[in-house]
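Atoms within a ligand are numbered from 1 in the order they appear, just like the ligands themselves. Note that the numbering runs from 1 along the sequence shown for the chain.
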Amino acid sequence: MPSVPLHPPHLGTSCGEWPPRPSRPPAPAHGACLPPARPPLLPGDRSQPSSIEGQQPPGPAPPGACPGSPRWLRPPLRPRRARPGLSAYLELGARSWDKGCLAGVALPLAPDQQPYGLVFDAGSTHTSLYTYQWRANKENGTGIVSQVEACSVSGECRGLPSLSRSLLDCCPKLSQQSIPAEQQRETPTYLGATAGMRLLSKAEQVLVEVSKAIGEYPVDFRGARILTGSEEGSFGWITVNYLLETLVKKWEHPQDIEVLGALDLGGASTQITFQPGVPVEDRNTSVFFRLYGTNYSLYSHSYLCYGQSQALKMLLAALHQVPQGTGAHPCYPQGYQENITVAELYDSPCVHAPSSASPGPVLTVTGTGDPAACATAIRSLFNFTCRAQGPCGFNGVYQPPVRGQFFAFSGFYHSLHFLNLTGGRSLSLVNATIMQICNSSWKQELFPMASRTQLRDTCTASSYILTLLLKGYKFNITTWPSIHFIQQVGEYVGWTLGYMLNLTNMIPSEPPTAVTELPRSIWIAATLLLAIMLILIFCLLTAMCCHRNSLGYEQL
Ligand SMILES: Nc1ncnc2c1ncn2[C@@H]1O[C@H](COP(=O)(O)OP(=O)(O)OP(=O)(O)O)[C@@H](O)[C@H]1O
């Protein structure tokens, strides 16, 4: 069995350690799903009600803040060259969209100013604030967008008002340097909430609160909304292809350039978005874009509850519900032991508590480090049977065969990076390494820098990722090398940049009109020629005038 040296534990980014996740507060186990429609939250918020994915499980989530300490993800980046555009047009599937929600807004531009934009990413496991900066009217009418700051607090989006406050208190300190004071008030600011909020029964109330909190800050706050799974996947896809400049290259060389697919593993949901080689047969999973004059027909689907944290929770609950369940966990390292309450076990809407479960008792979970049993337990979370209507991913959701290159980010990257498996490793090596780690016993001293939770979950998370990619999304040994596990392409890869580009009209549906600029030498030659012609005309006129005068004298 090949042995792979483990990477030093991944500690987030250069700016600090990924803090151990705070344990969730206990919660009741029943309740309603997020209402399928919601009114506009703010006068400026023209967002459309979010449609909820099919797997929306019932169950309330507990209210309550989960404050975390602000930290920088990384130092400011130097702006990098990229190619945004002028306006956006985006049509997601055959759903009826309020164009106002996606049609974008014009940015207040002054010729000498570089506008900024802020996007809050309210995720299920953390909340971040990204600051973007761009210049308009560069390079054939397109501009340049770059991420200048990112800061984050760990904590679930259910505690958003307090998280947003701490983010805004923290981030503007840096922003004071990067966003000039006179521009702050006109800096468009958006908040997008993802799967964690889709699962939250009190999501609307939280968004109203957070809108109030952000509204007190001197920024142009344009609203908070919950992204649908399809939007989350689509904006991630736009970010990837924007950063790689494939959208503009495709416009310039349609035949030679292939767009990339996007694989996103969040805490509460996972998204797959790609351009299939066949027409998408299911309207619910089809997405259309027209970007830079090119039509894109994509497949996109988001699986709610199949994000990393929620999947691990579902697994723990499934193991607890096995008849005569002893608390043995085959994916936890041998020798690991922890006590959890039943309330903790069932505090998520993704996990259905048996009617007999009372919240009080404490369970002892013991790691057995059994890779085969672990793989079997993880597979039991999925239904891999396809219905008659065609190829599928899992749980009966239609999915055409994967095609082309993919960027896999967020949880996909973090979990595999911890095992040093992100640099184009072969499937057999990935398999062998995961097998090895799943077979190991609890030795925290081997990974002194890693958190206890990180060590406990390494086998589960990596095995889950492998099952999701191979059995769920149907990659195989041939298509495995087309998955590139990345965190950044100059900028952080996630849905926020795509969201920002769309809402600020930065990607045109039609190609920007080329500005035909004459080379400097031609300008000089033309100016000289004109000057010579003017001098010649002047000389000619003077000569004619003198000639006439001399004729006049002769007549006299
Ligand atoms: N720097 C990091 N180091 C280790 N693990 C991380 C890091 N950042 C995120 N993760 C883990 O990766 C997974 C996805 O994280 P991400 O921040 O993308 O989710 P999210 O946006 O909160 O979730 P969702 O989009 O589903 O609401 C989570 O399980 C999280 O714990």
### Query
Thr270 and Tyr473: side-chain hydrogen bond (donor to acceptor under 3.5 Å, both in side chains), yes or no, with the steps?
CA-CA 11 Å; Thr270 176; Tyr473 292 151; 2.9 Å; yes

### Task
Kindly identify the option in Gly307, Gly411, Ala193, Ala311 whose heavy atom sits closest to atom 12 (O) of ligand 1.
Gly411

#### Entry: Glu232, portion touching ligand 1 at heavy-atom distance under 4.0 Å
side chain

### Query
If you measure every N/O of Gly123 against every N/O of ligand 1, is any gap under 3.5 Å?
no

## Note on the structure
Min over His126, His417, His414, Met197 of heavy-atom distance to atom 4 (C) of ligand 1 lands on His414

### Query
For ligand 1, which atoms sit closer than 4.0 Å to a heavy atom of Ser410?
18 (O)

### Query
Among Thr496, Thr125, Thr194, Leu304, which one has a heavy atom closest to atom 27 (O) of ligand 1?
Thr194

#### Entry: Distance filter under 4.0 Å to Gly196 heavy atoms, resulting ligand 1 atoms
27 (O)

### Point-to-point distance, once rounded to the nearest 0.5 Å, from OG1 of Thr273 to CZ of Phe407
14.5 Å

#### Entry: Distance (rounded to the nearest 0.5 Å) between Thr239 OG1 and Leu243 CG
6.5 Å

### Message
Working to the nearest 0.5 angstrom, can you tell me the gap between Phe384 CZ and Thr467 OG1?
### Response
6.5 Å

### Query
Just one of Trp495, Tyr499, Phe289 clears the ring pair (Phe, Tyr, Trp, His ring centres under 6.0 Å) bar with Phe235, so which one?
Tyr499

#### Entry: Heavy-atom side-chain proximity of Leu263 to Leu468 below 4.5 angstrom
no

### Task
Taking only heavy atoms of Gly266 into account, list the atoms of ligand 1 that are under 4.0 Å away from them.
14 (C), 18 (O), 19 (O), 23 (O), 26 (O)

### Query
Any Lys/Arg nitrogen of Arg456 or Glu338 sitting under 4.0 Å from an Asp/Glu carboxylate oxygen of the other?
yes

### Summary
Atoms of ligand 1 under 4.0 Å from any heavy atom of Ala268, numbered from 1 in the order shown, are 23 (O), 24 (P), 26 (O)

### Message
If we set the cut-off at 4.0 Å for heavy atoms, which region of Gln308 has an atom near ligand 1: side chain, backbone, both, or neither?
### Response
side chain

#### Entry: Heteroatom proximity flag, Ser269 to ligand 1, N/O under 3.5 Å
yes

### Query
Between Leu265 and ligand 1, which part of the residue brings a heavy atom under 4.0 Å of the ligand: side chain, backbone, both or neither?
backbone

### Message
Counting C-beta onward and ignoring hydrogens, is there a side-chain heavy-atom pair between Ser463 and Cys438 closer than 4.5 Å?
### Response
yes

